Structure formats: C-alpha cells, structure tokens
Protein chains: 2
Amino acid sequence: MGGKKDMMSGDDIRNAGLKVTLPRVKILALLEQSEQGHVSAEDVYKLLLDAGEDIGLATIYRVLTQFESAGLVTRHHFEGGQSVFELDRGEHHDHIVCIKCGRVEEFFDQMIEDRQQEIAKEKGFTVEAHALTIYGYCKNAACRAS
Amino acid sequence: MGGKKDMMSGDDIRNAGLKVTLPRVKILALLEQSEQGHVSAEDVYKLLLDAGEDIGLATIYRVLTQFESAGLVTRHHFEGGQSVFELDRGEHHDHIVCIKCGRVEEFFDQMIEDRQQEIAKEKGFTVEAHALTIYGYCKNAACRAS
DNA sequence: CAACAAATGAGATGCTTTTGCATTCTGCCA
DNA sequence: TGGCAGAATGCAAAAGCATCTCATTTGTTG
C-alpha cells in the first residue's frame, strides 16, 4: 500500500516549506481537478471565484510562483498572452497547441529528447531545460485550417 | 544569375508594400550587421542610439512587426523578458540558448522536424509552426553550470 | 513641386505580473 | 488551549513590455 503519488495534498505544501493556507489548498486542488490541465493565473482566479472562493489575483500569482519553485507546478510561456501553469507530476513532456481553440495536448518522444542531447553536445552546451511546442489546428472540425 | 538573396535592401521594404523610410532602412541594416543576430526591440533602440539614430521605440516595435508580417524577420519568445527578432533568411531553424550569458545558437535537425509531423498527425493536428528551444550552459568557461 | 497618404515620435494606454504595506492567519510553544 | 512571532493575504500601486492615439513630418506620385 504505499500512498499513490498522483494526488497532491497539504503535505506537499508543507514539504515545500510553505504554510498550509486556504488559498494554497484551493489552488492546488483546482489544478488537480482542472479539466484542461493547463490554466493561466487568471483562469485560476475566475474558476475559484465561480467556486465561491474570492482569492486575490496577486496571491494566485504569488502562490503559483512558489509552487513552481517547489517543483509542484510548471509554468509554460506559449505564444501570445499569459503564462499557463500545470501540475508537475514528474514526467517531462512537450506540448501541441491548437491556435484556434487553445486546446493543449501533451506528448513525449524519446527520439526528439535524444537528438536534443546530441545537438547540445555537438555545440558544447549542457542542457538544463528545453521547450518544444507545436502550434497548429486540432482535429476539431471548427478548428480546421481555412 | 539571379541576385544572391542574403543582403536585404530598400527593395525588400518596398516589396513589402512599405515606404522606404530612414527608420526602416536603419533597422533593417542593423539586423543585418548585428553580431548576435538575435536582438530585442530595446536592443535595436539602444544600438541605433549609439549609432546616432534617435528612432522612437514605438516605431521600432511597429517596424519590426511589419517586417515580421512581410516575412523579413522572425520573432521569438524565449523564456523571461522580451521578444527577440532576427532576420529571416528563409531557412527554418531552432535555437539553443545559454541561460548564463544569453548567447544564442541555431540548429536544424531533420529528424526532429519529421518526428514532430508524425506526432501531430497521430494527434490529428495540422502543424502551422513550432518552437523548440534548448536552454543550458554554453561552452564558455564562465558559463559552465556550477 | 504640390498634395495626399503613409510613417514617425512622444506620450498615453492596455495587459500581465510583481511589489509594498497594513491586516489577518498558521504553526508552535508554554 | 491561549497567545505570539512570523508568514501569508488583499488591495492598490508599480513595473515591464508592447501597442495605440494623434499631431506633425516625410515619402511618393503625378
């Protein structure tokens, strides 16, 4: 039995050296339940409002940034507009984003990962991170390229 | 025959449907001569100031955006901070950026390009663009990871 | 070279994100 | 369990980047 590690909780917040406050718990819970998986700070703000929790936008930014430092969430800078956040479940992956509806899907490709390492080595770089995002139109009929 | 296409000129501006003005000529020339190859709007502003050309930042943003629409330059959104622009010489490539000194190198890998297409197809996406940036420490001694 | 449309510059404006500060809450210890 | 120090929150102001407004200036074309 060993607790499954795909459910975040107050312990995760505590382990990050942060106090377990209502805003932090709510934000973490929201990221867990979130359909999209990828939400902007403002999305979080509005979703929490809808849920009856009036948490200041500044707090949301602050908390998300702290969660990021703690490795609980990852921040992505897709083109145009706000940063989006997602819960970090430990597995690295890249993204493919629909430029029409905003849908975000994840993928992981070992071949691409390997090639990146090789390329970096050729150029004398030590890889610390990388971001690969494919932009296009998703399968949704309404999103098909004109 | 056929003029070599690696030197931009006023004709390129004119062909883009834009008037050949001093700001536009200076900005284009700067992008050509630029050592780094990748400059932010503010870099352009300062470099032009140093060169004795006092061109407003608003104009620089405007012109760079127009050049982008015309396909003369490409805009990249690397992590943190401003967008950077580079002359578009027609060949697509991705970037590897030193997170210590900011050095930017380019690379192109057909294998990665192909895999992206396959991945998109699997997910039912039509690729319009993509951005792959590797972040790390460059070979420069002072930049080695601690 | 006159006349018009396009372009520029300076500052205002919009958005996203961060910060300062007074107030409120958590976690801890007596 | 009550109280306290330090951390966290909320609000409003600020900061950073990019765009827009509008009066003035500059290409272009006839």
Side-chain angles (χ1 to χ4, degrees), chain A residues 9-30 38-49 51-70 72-86 102, chain B residues 9-30 38-49 51-70 72-86 102:
Chain A
S9 74
D11 288 334
D12 292 287
I13 296 175
R14 210 185 321 275
N15 292 338
L18 301 169
K19 288 188 176 178
V20 181
T21 63
L22 189 138
R24 301 217 255 238
V25 170
K26 292 296 179 187
I27 292 171
L28 191 56
L30 186 148
H38 299 77
V39 293
S40 68
E42 187 145 3
D43 289 337
V44 172
Y45 177 68
K46 289 185 179 149
L47 288 168
L48 286 176
L49 260 193
E53 305 289 344
D54 193 348
I55 299 174
L57 193 49
T59 298
I60 291 172
Y61 272 107
R62 241 178 329 225
V63 170
L64 286 172
T65 300
Q66 293 161 336
F67 281 1
E68 184 187 15
S69 301
L72 292 178
V73 310
T74 304
R75 181 192 304 236
H76 302 290
H77 307 268
F78 296 149
E79 308 238 342
Q82 304 124 298
S83 302
V84 300
F85 300 81
E86 74 173 312
Chain B
S9 74
D11 289 334
D12 292 286
I13 297 174
R14 209 185 319 275
N15 291 338
L18 302 169
K19 288 187 178 179
V20 181
T21 62
L22 187 138
R24 301 219 254 239
V25 170
K26 292 296 180 187
I27 292 171
L28 191 56
L30 186 148
H38 299 77
V39 293
S40 68
E42 188 145 359
D43 289 337
V44 172
Y45 176 68
K46 289 184 180 149
L47 288 168
L48 286 175
L49 260 193
E53 304 289 344
D54 194 348
I55 298 174
L57 195 49
T59 297
I60 292 172
Y61 272 107
R62 231 172 347 218
V63 170
L64 287 172
T65 300
Q66 293 161 336
F67 282 0
E68 184 188 14
S69 301
L72 291 178
V73 310
T74 304
R75 182 193 304 235
H76 302 288
H77 306 268
F78 295 150
E79 307 239 341
Q82 304 123 297
S83 301
V84 300
F85 300 81
E86 73 173 313

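Letters A, B, ... are given to chains in the order of the sequence lines, protein chains preceding strands, and every chain is numbered from 1. Bear in mind the structure is a predicted one, so any value in this text is a computation, not a measurement.
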Exercise. Kindly determine whether A:F67 and A:D12 satisfy side-chain contact (heavy atoms from CB on, under 4.5 Å), including the steps that lead there.
Key: CA-CA 10 Å; A:F67 281 1; A:D12 292 287; over 6 Å; no

So, taking the atom named [atom1] in [X] and the one named [atom2] in [Y], what distance separates them when rounded to the nearest 0.5 Å?
| X | Y | atom1 | atom2 | value |
| --- | --- | --- | --- | --- |
| A:S83 | A:E68 | OG | CD | 8.5 Å |
| A:R75 | A:S69 | CZ | OG | 8.5 Å |
| A:S9 | A:N15 | OG | CG | 8.0 Å |
| A:I60 | A:K26 | CD1 | NZ | 13.0 Å |

In whole angstroms, how far is the [atom2] atom of [N] from the [atom1] atom of [X]?
| X | N | atom1 | atom2 | answer |
| --- | --- | --- | --- | --- |
| B:Y61 | C:dT8 | OH | P | 16 Å |
| B:Y45 | C:dG9 | OH | P | 10 Å |
| B:E79 | C:dT17 | CD | C1' | 15 Å |
| B:R62 | C:dA10 | CZ | P | 11 Å |
| A:D43 | C:dT16 | CG | C1' | 13 Å |
| A:E42 | C:dG14 | CD | P | 15 Å |

Side-chain contact, heavy-atom cut-off 4.5 Å: [X] with [Y]?
| X | Y | result |
| --- | --- | --- |
| B:D43 | B:F85 | no |
| A:E53 | A:L22 | yes |
| B:V44 | B:L48 | yes |
| B:T65 | B:R62 | no |

Quiz item: Any donor-acceptor pair under 3.5 Å linking the side chain of B:R24 with the backbone of B:K19?
Solution: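 Judged by distance alone, yes, a pair lies under 3.5 Å.
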
Quiz item: Within the distance-only criterion (no hydrogens, no angle test), does the side chain of A:T59 pair as donor or acceptor with the backbone N or O of A:I55 below 3.5 angstrom?
Solution: no

Quiz item: Just checking A:S40: base, sugar-phosphate only, or nothing, at a heavy-atom cut-off of under 4.0 Å?
Solution: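 Result for A:S40 = nothing.
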
Quiz prompt | Residues forming a ring pair (Phe, Tyr, Trp, His ring centres under 6.0 Å) with B:H77, sequence neighbours excluded | solution = none

Quiz item: What is the per-nucleotide protein-contact pattern of nucleotides 25-30 of chain C, from the 5' end, where B denotes a base atom under 4.0 Å from a protein heavy atom, S denotes such proximity for sugar-phosphate atoms only, and - denotes neither?
Solution: -BS---

Quiz item: Using the C1' atoms of five pairs at each end, what's the angle between the two axes of the helix from C:dC1-D:dG30 to C:dA30-D:dT1, to 10 degrees?
Solution: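 It works out to 20° between the end axes.
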
Practice problem: Please identify each residue that fulfils side-chain contact (heavy atoms from CB on, under 4.5 Å) with B:A16, with sequence neighbours left out. | Solution: B:L18, B:A70

Quiz item: Which two nucleotides bound the region of DNA chain D that has atoms under 4.0 Å from heavy atoms of chain B, read 5' to 3'?
Solution: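 Nucleotide range with atoms under 4.0 Å of chain B: D:dC17 to D:dT28.
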
Quiz item: Do any of residues 51-60 of chain A sit with a heavy atom less than 4.0 Å from DNA chain D, and if so which?
Solution: A:D54, A:I55, A:G56, A:A58, A:T59

